[in-house]
Each structure stands twice: as structure tokens, then as C-alpha cells.
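Shown next, in C-alpha cells, is the structure this report addresses.
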Amino acid sequence: MITYKNKVWKEEMSIRLDVNHVMAKFMGEEHGVFDGEIESLMPEARDIHHQIKEKRDSGDLPFMDLPNQSVSEILEMAKGIRRWCDYFVVLGIGGSALGNTALHEALQHPYYNELSKTGRHRAPRIYVLDNVDPDQLAALMDVLDLKKTCFNVITKSGGTAETMANFLVCQEAMIKALGRENHADHIVVTTDKTKGNLMRVAEREGYRCLVIPDGVGGRFSVLTPVGLLSAAVSGVNVRELLAGASFMERHCHKVRIWENPAYMNAVIHFILDTKRKKHISVMMPYAHALRGFADWYRQLWAESLGKRSSLDGHEVHAGQTPINALGATDQHSQIQLYVEGPNDKVITFINVEKYKVPMEIPKSYPEMEGLSYLGGHSLQGLIQAEQKGTAYALIQNHRPNLSITLKEVNPFTLGQLFMMYEIQTVFSGGLYRINPLDQPGVEQGKVAAYALMGRQGYEETKAEIEQAEALDDKYILGC
């Protein structure tokens, strides 16, 4: 049994950031970053570093303290759920769902639910419902045995329309199946400790509750009960996950950009965005297990940095557009554009040194040169060669790319990734001089949805939307 308290092992499992192929030395003056440009940002980086420390000390960045939390309550609840539950369903959206999916895909068997069915892995099957598509919910209900199902309803505000709508549908189905007096044991609420309608419902119905810490926004909440309960229910070692996050958080105490991977990655992206017109950030893991992590990053980067106004009130329209890709799959769908299309992107590869199963390729058809060269190699070797080949093609065409390397995908390395990118995002907010913790653009859309659904107090907004929806038939085409 590996212990994460072993300092040597932790150093061996530390993730590695390589920015060689974004530097001017390799990319040239037009598309690369100069050492001097990084150095010129050191005074600003020092100021942002101290601002982050002050905010943390005053309790304004509680996500950075999450590695030190007690998880005893979560583990005890998960243990109890595992005794009787066959289906564990997360009801959430955005940051209340993406982290759950990222954790599950990274740290569990790719066909975890199917193994649960056969009894080879005795744990509840995990489903994350993160949309209000009626066909999707109806299909899920076809799968579930409600008597053996636990719903985890997650919303910080306690009023997220999509989550609450799904909850009301599922609650009604559960009451019909079990009776109102018996359904409460099948619902766990994860929300604010005092505010919101969900907490009021939980108190009225007697649901068990887990609290999202004050000041932790949805996209920074993966290491709170938001993400940890479903992970623990499925058997993930959440203490090792937090140990990895703690390891990275301590590493990011360093003020020098060259010694801090979160700051370096932020600075590289900032320079490429604002000075080299690389307005698109592509994350491309070469491990199927990290596909969900790229989805999680997409929300973190977009919602945190995509802001109209700076802190001093100027219109800046800041932020890169994040895109998720998967190696080697998307070499056959996106790489043509990245290599020969507009040079407006920076690509981040996530590499894995050791896959769980290397999988040897048989030496079949030795007389066929187009097949025989594969024999004797492994799928691990092939996917790693695919990544190097893609990076080479990008380098030859002066397309900036960098890499993050994990020794292997495990809770400790994944915890590092989560924390590095969260710190990187807050630091980037300082570089752009915007607030990375709010999301006014999302709130505008929420208000419009409230109005269209007839929520009291939004009548004026509804009238404005209906007026704006006046269309000209000339521009509507049909077959």
C-alpha cells in the first residue's frame, strides 16, 4: 500500500510542466514568448501573489484551504449509502456536475457501471444528470430501480432552475415509489448551509445535508462535498486526492514565476493571448481518463476569465476561448485545423508516463509492412508516439504548444492538477485585472429563463424578451 506521506514518493509523483515549445527559442519571434517578457511581469506577479495571500488570509479564497478539510462526515455518509444503494445519481449543472464527472472518469474503470452490474465491483452505479433534456431524464428513469437509488441534489444557491426542476421530477417519482414518509433516506442535499430554497425543502422533508463552504463558487468546488461524495461512494480515495491538492498548493507558495507552475502557465497564456493573438486555449489530454478533466477546465477558464469589464470599470472583453480535445481521437477531427488553419491557438497536451494496462500489439501479418511495424509495440507506446508526432507537426508550423506530464493517473496526481489550475485561474484574473470569481454573463441568462418560465417579479424582463423576439419571416427558412 503506497503512503502519500512518503516525501520521496510524492516528489516522484509530482506533475511536470514543460513550456519549451511556446518559447521564442523554438517558435520564433512572431509566435513565441521571450524570457524577458516573463521577467518583465515579475513585479506584477509579486503584487498579485501578495494580493492572493491577503485574500486567502481574510477568507476570500477558501478553495485554497480545502486540502486541509476533514472528510470524516463525507466518508461516513458514503459508507452508509454503499450498503444499500445500487444507483447513485448526481443532479447538478456546471460546477455542480463537471467535477463529479472528471473525478469518476479519471479514477474509475472506464466501464465502471457495467462492472457494477455484474458484481465484479460492488458499488453503486454512478450517473450525473447535468441537463434538463426530458428525453435524457426519462431514459434514466427507465434504468433506475428507485427503491435502490440515492439522488444527490447539488446547487450552491439552492435555486438553480435546471437542477431544481430535475429534483422536483425525481422527488415526485421517489414519493410515488416509496411514499412520502420513506423517501427521505434516498435524497442527499449539497448546498449552502443557510440560504436558498433547497435548504428549506431539506429541512421540511428531513433530507440529509452536506454543506458547500462559504465563498467557494461552483467551478472551484470539486474538492468540496460537491465532488467528494460521489467519488467516495464509488470508492475513490478522497484523502489521497486532497493530499495531491495540498502538495500542489504548498508548491505554489513560491513567488517566482520560474518556480511556480500555476503562475508560469498563467503568464504563458496571458502573453500569448494579449501579445501574440492566441485567443484560443486547447486542452488535449492523451489519456481517455482525463477527457472529463478537459471539460472541467473548459468551464473554469471560460467562466472565470471571460469578462466584459475590468476591476476599474473599463470594457476589456477579456478571456481566451477554451476548447477541449482528446488525443489521439481528435487528431482525426481537429488537428488539421490546428496545424494549418489560423495560428490563433495555444495547445496544452496532458501526457501520462505509465498507463494502467500497456496492452501489447500482436505481431500479426509479418508480410504486410503497413501492419507488421506495429507488432511488438504497445498501445501505450503508440499513443505516446501519437502525441509526440502531433507536437512535432505543430512545432514545424510554429504553433505554440506546451505539455503537462503525469507519472500516472491517480488521486494524488489528479489532486495536483485541480489545484494548479484553480490557482492559475485566480492568478490570471490578476493579470487581466478582472474578477475571476463572478459570472455576470451567466446570471443574465438565468434571469431571462426565470422570466420566460413565469417566475414572479420578472414580468418586465419577460415583456422585454418577447419584444426582442419579434422576428421577420423573411429570415426564417424551411424545407
Side-chain angles (χ1 to χ4, degrees), residues 51-74 77 90-103 128 130 152-160 163 188-196 198-199 202 209-232 238-239 241-246 248-250 252 262 293 295-305 307 414-430 434-440 442-443 446:
Q51 290 168 17
I52 290 175
K53 186 178 185 304
E54 289 174 2
K55 287 180 178 179
R56 181 180 183 179
D57 291 344
S58 64
D60 292 333
L61 293 175
F63 79 87
M64 296 182 71
D65 295 318
L66 292 173
N68 303 317
Q69 70 184 292
S70 169
V71 293
S72 298
E73 181 184 10
I74 295 171
M77 185 178 290
V90 174
L91 303 179
I93 198 167
S96 296
L98 288 167
N100 289 275
T101 301
L103 284 167
V128 180
D130 63 349
N152 181 201
V153 193
I154 306 174
T155 161
K156 172 74 170 177
S157 69
T160 305
T163 301
V188 177
V189 162
T190 305
T191 189
D192 186 88
K193 63 183 176 183
T194 57
K195 297 180 294 185
L198 182 56
M199 180 55 76
C209 298
L210 291 171
V211 172
I212 303 174
D214 290 340
V216 180
R219 57 190 179 273
F220 292 89
S221 68
V222 61
L223 300 179
T224 73
V226 168
L228 297 183
L229 179 60
S230 68
V238 298
R239 287 198 169 104
L241 181 74
L242 294 177
S246 177
M248 176 57 68
E249 187 277 324
R250 291 194 302 273
C252 290
F293 180 83
D295 288 344
W296 173 86
Y297 161 75
R298 184 175 56 179
Q299 185 209 7
L300 180 73
W301 205 239
E303 201 166 83
S304 298
L305 304 183
K307 300 296 163 62
L414 190 66
Q416 291 178 67
L417 268 183
F418 280 126
M419 185 56 66
M420 187 187 89
Y421 270 98
E422 289 180 355
I423 293 173
Q424 171 184 327
T425 299
V426 171
F427 185 85
S428 296
I434 53 93
N435 181 358
L437 303 177
D438 66 0
Q439 53 278 333
V442 177
E443 299 306 318
K446 286 181 180 179

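Atom set for the values below is all heavy atoms of this structure, side chains included, hydrogens, waters and symmetry mates excluded. It should be emphasised that the depicted structure is a prediction, and the values quoted were computed from it without experimental measurement.
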Residue pair K156 / T191: nearest heavy atoms and the distance that separates them: O-OG1, 3.5 Å
pair V426-K55: side-chain heavy atoms closer than 4.5 Å: no
S246 side chain to A243 backbone, donor-acceptor under 3.5 Å: no
Separation between CG of L66 and CD of E249, rounded to the nearest 0.5 Å: 10.5 Å
CD-CD distance between E303 and Q439, expressed to the nearest 0.5 angstrom: 5.0 Å
Heavy-atom pair with the smallest gap, counting every atom of L241 and L103: CD2-CD2, 3.6 Å
Approximate separation, where rounding is to 0.5 Å, of E422 CD and L417 CG: 11.0 Å
Plane angle bin for F220 and F63 - parallel if under 30°, tilted between 30 and 60°, otherwise perpendicular: tilted
Any K193 side-chain heavy atom under 4.5 Å of D214 side chain: yes
Spatial distance of atom CG (L242) from atom CG (N68) [nearest 0.5 Å]: 9.0 Å
Side chain to side chain, D57 and K53, heavy atoms closer than 4.5 Å: yes
Minimal non-hydrogen separation, I74 against L229, with atom names: CG2-CA, 3.9 Å
Separation of E73 CD from L228 CG (nearest 0.5 Å): 12.0 Å
Side chain K307, main chain G429, donor-acceptor under 3.5 Å: no
Heavy-atom pair with the smallest gap, counting every atom of A232 and V238: N-CG1, 4.1 Å
Heavy-atom closest pair, residues Y421 and L300: O-CD2, 3.6 Å
Test log, rule side chain to side chain contact (heavy atoms under 4.5 Å, CB included), inputs M199 and T194: CA-CA 7 Å; M199 180 55 76; T194 57; over 6 Å; no
Side chain to side chain contact (heavy atoms under 4.5 Å, CB included) between T163 and I154, intermediate numbers included: CA-CA 7 Å; T163 301; I154 306 174; 5.8 Å; no
Expected output: side-chain S304 to main-chain W301 donor-acceptor under 3.5 Å: no
Closest non-hydrogen atom pair between G227 and S230, with its separation: O-OG, 3.5 Å
From T155 atom OG1 to I212 atom CD1, the distance as rounded to the nearest 0.5 Å: 7.0 Å
Non-hydrogen side-chain atoms of V226 and V216 separated by less than 4.5 Å: no
